[in-house]
Amino acid sequence: MSIKNRINNVYRYFEPNLIIIGYLGCIGFPLYFFVWHYLFPQPYENFLLRLFCGSLFIPFILKDHLPYWFLRYKAIHFIATITIGLPFFFSYMLIMNDWSIPWVMSFMAALFLSILLIYDAYIISVISIIGLSLGALFSYGFHPINSDNFHWGYIAVISFSYVTGIASHYRNHIHYEDQLLFARSFSAGIAHEMRNPFSSLYSSMELMLDILRQKNDNKKDTINELKSIIRSNMTVINNSNETINLLLSSINEHAISKNTFQEYSIVNIIKSSVESYGYQSSQDRNLVSVNFNKDENYFGSDILFRYVIFNLMKMHFITKKRIALVLISISILIKL
């Protein structure tokens, strides 16, 4: 993945929370000047630098009202703002304040905030190196300082925090991506499962209309035919509900309880699955038949077994040749 794509992905991931970060940045930077200058005086403060850093966060608040030309660079602006506002600013102020305890703690807070904002290990590593290098350059290079309070133990703690923070947050993001992918697959599965029963119900409705259009003097036969179609439709709906419940149980990470397992006839389950499958037309239904030499019982879930048969038929229900593949698969299941 290119750097540009990485930056765009990081921006899209955090875009819903940009307004909150924008307010924290544009208010927090100038506000804490008075905290560290008057309430808890520190050796060094820079109000102009704070105003500059705070102004970088203003576009986050106005993200829905920015001109088009700026939107083309919004992801780059996000990365630049985080680089300057967190690793650069806090490392610079840490060194300028001679590694005082309040600024060591402030730097650690900025470290974890930057990791929360940017999940990508490559991007957070790059901006941290750039920000820390600029902070050291602007402090030690332009303002020679005798760091009497510096301890190498700080570097060990900061390095450990970076590594563990990045690793933990990256793992959480991977888990989030897995859940998102599963949710998308689940949605696609629900949509896919509903097409078959809807097609079957639609065909049944057409058949009912044809029956009602026909001039049939025997009303009793007509009523019986309609009742049969309605019962068939109810079976399709019930089976669809079972399939949806199966998908819902998987997304909730609740497996089907073994306590519900019973002995079922393999042939009966296959027959009921073939009968209740949502065919596109009556011609398609006539192409499918179930032939068997013997029947066997199995101990398990009828829902799961029916779901397997439905999937086999959906995958191969295109040509007669593929129908044969379905029947071969069913034969193998019976032999097993």
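Hydrophobic clustering places Y162 together with W99 (ILVMFWY residues linked when any side-chain heavy atoms are closer than 4.5 Å, directly or through intermediates). Residues I118 and V163 do not share a hydrophobic cluster, defined by chaining ILVMFWY side chains whose heavy atoms lie under 4.5 Å apart. Under the 4.5 Å side-chain heavy-atom criterion for grouping Ile, Leu, Val, Met, Phe, Trp and Tyr, F57 is not connected to I27 through any hydrophobic cluster. In this structure, F112 is a member of the same hydrophobic cluster as V10, with clusters built from ILVMFWY side-chain heavy atoms closer than 4.5 Å. F107 and M105 fall within a single hydrophobic cluster, where Ile, Leu, Val, Met, Phe, Trp and Tyr side chains are chained together by heavy-atom contacts under 4.5 Å.
Pairing each heavy atom of S161 with each of I115, the nearest pair is O-CD1, 4.2 Å. Here the closest heavy-atom approach between residue S91 and residue G135 is recorded as OG-CA, 3.5 Å. Contact between P16 and Y13 at its shortest, heavy atoms only, is CD-O, 3.8 Å.
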Show your reasoning for whether side-chain hydrogen bond (donor to acceptor under 3.5 Å, both in side chains) applies to R6 and N9. CA-CA 5 Å; R6 286 178 177 269; N9 289 338; over 6 Å; no
Run the side-chain contact (heavy atoms from CB on, under 4.5 Å) check on I129 and S133 step by step: do they pass? CA-CA 6 Å; I129 293 172; S133 300; 4.0 Å; yes
Before giving the answer on side-chain contact (heavy atoms from CB on, under 4.5 Å), spell out for L116 and F14 the whole-Å C-alpha distance, their side-chain angles and the decisive distance to 0.1 Å. CA-CA 9 Å; L116 287 175; F14 203 79; 6.0 Å; no
Please report the C-alpha distance between K294 and V267 in whole Å, then the side-chain angles of each, then the deciding distance to 0.1 Å, and finally whether the side-chain contact (heavy atoms from CB on, under 4.5 Å) criterion is met. CA-CA 8 Å; K294 64 176 181 178; V267 173; over 6 Å; no
Using a 3.5 Å cut-off and no angle test, enumerate the donor-acceptor pairs between side-chain atoms of residues 60-79 and protein atoms at least two apart in sequence or in another chain.
residue : atom : partner : partner atom : Å
H77     : NE2  : L56     : O            : 3.1
H77     : NE2  : T81     : OG1          : 3.2

Pairs under 3.5 angstrom only: tabulate donor-acceptor contacts from the side chains of residues 41-51 to other protein residues two or more places apart or in another chain.
residue : atom : partner : partner atom : Å
Q42     : OE1  : S100    : OG           : 3.3
Q42     : NE2  : F40     : O            : 3.3
Y44     : OH   : N46     : ND2          : 3.0
Y44     : OH   : Y92     : OH           : 3.1
E45     : OE1  : R50     : NE           : 2.8
E45     : OE2  : R50     : NH2          : 3.1
N46     : OD1  : L48     : N            : 3.3
N46     : OD1  : L49     : N            : 3.0
R50     : NH1  : F29     : O            : 2.9

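N268 pairs by the side chain to side chain contact (heavy atoms under 4.5 Å, CB included) definition with S265, not counting sequence neighbours. Judged as a side chain to side chain contact (heavy atoms under 4.5 Å, CB included), and not counting sequence neighbours, the contacts of F160 are T164. Taking the side chain to side chain contact (heavy atoms under 4.5 Å, CB included) definition, one finds that A136 meets it with I95, Y140, sequence neighbours left out.
Here CG of L134 is found 8.5 Å from CD1 of I84. Values are rounded to the nearest 0.5 Å. Here the OG-CD1 distance, from S114 to I124, works out to 4.0 Å after rounding to the nearest 0.5 Å. Note: L111 CG to L132 CG = 8.5 Å, rounded to the nearest 0.5 Å. How far SG of C53 is from CG of L86: 9.0 Å, rounded to the nearest 0.5 Å. In this structure, N8 CG and E15 CD are separated by 10.5 Å, a value rounded to the nearest 0.5 Å. Interatomic distance, T83 OG1 to F89 CZ, rounded to the nearest 0.5 Å: 15.0 Å.
Between W36 and W103, the ring planes are tilted. Angles from 30° to 60° get that label.
Aromatic pair F138/F88: centroids less than 6.0 angstrom apart. Ring centroids of F34 and H37 are separated by 6.0 Å or more, keeping the two rings apart.
Sorted by first and then second residue, the side chain to side chain donor-acceptor pair (under 3.5 Å) pairs with a member in residues 17-35 form an empty list; sequence neighbours excluded.
The backbone N or O of Y122 sits less than 3.5 Å from a side-chain atom of D120, completing a donor-acceptor pair.
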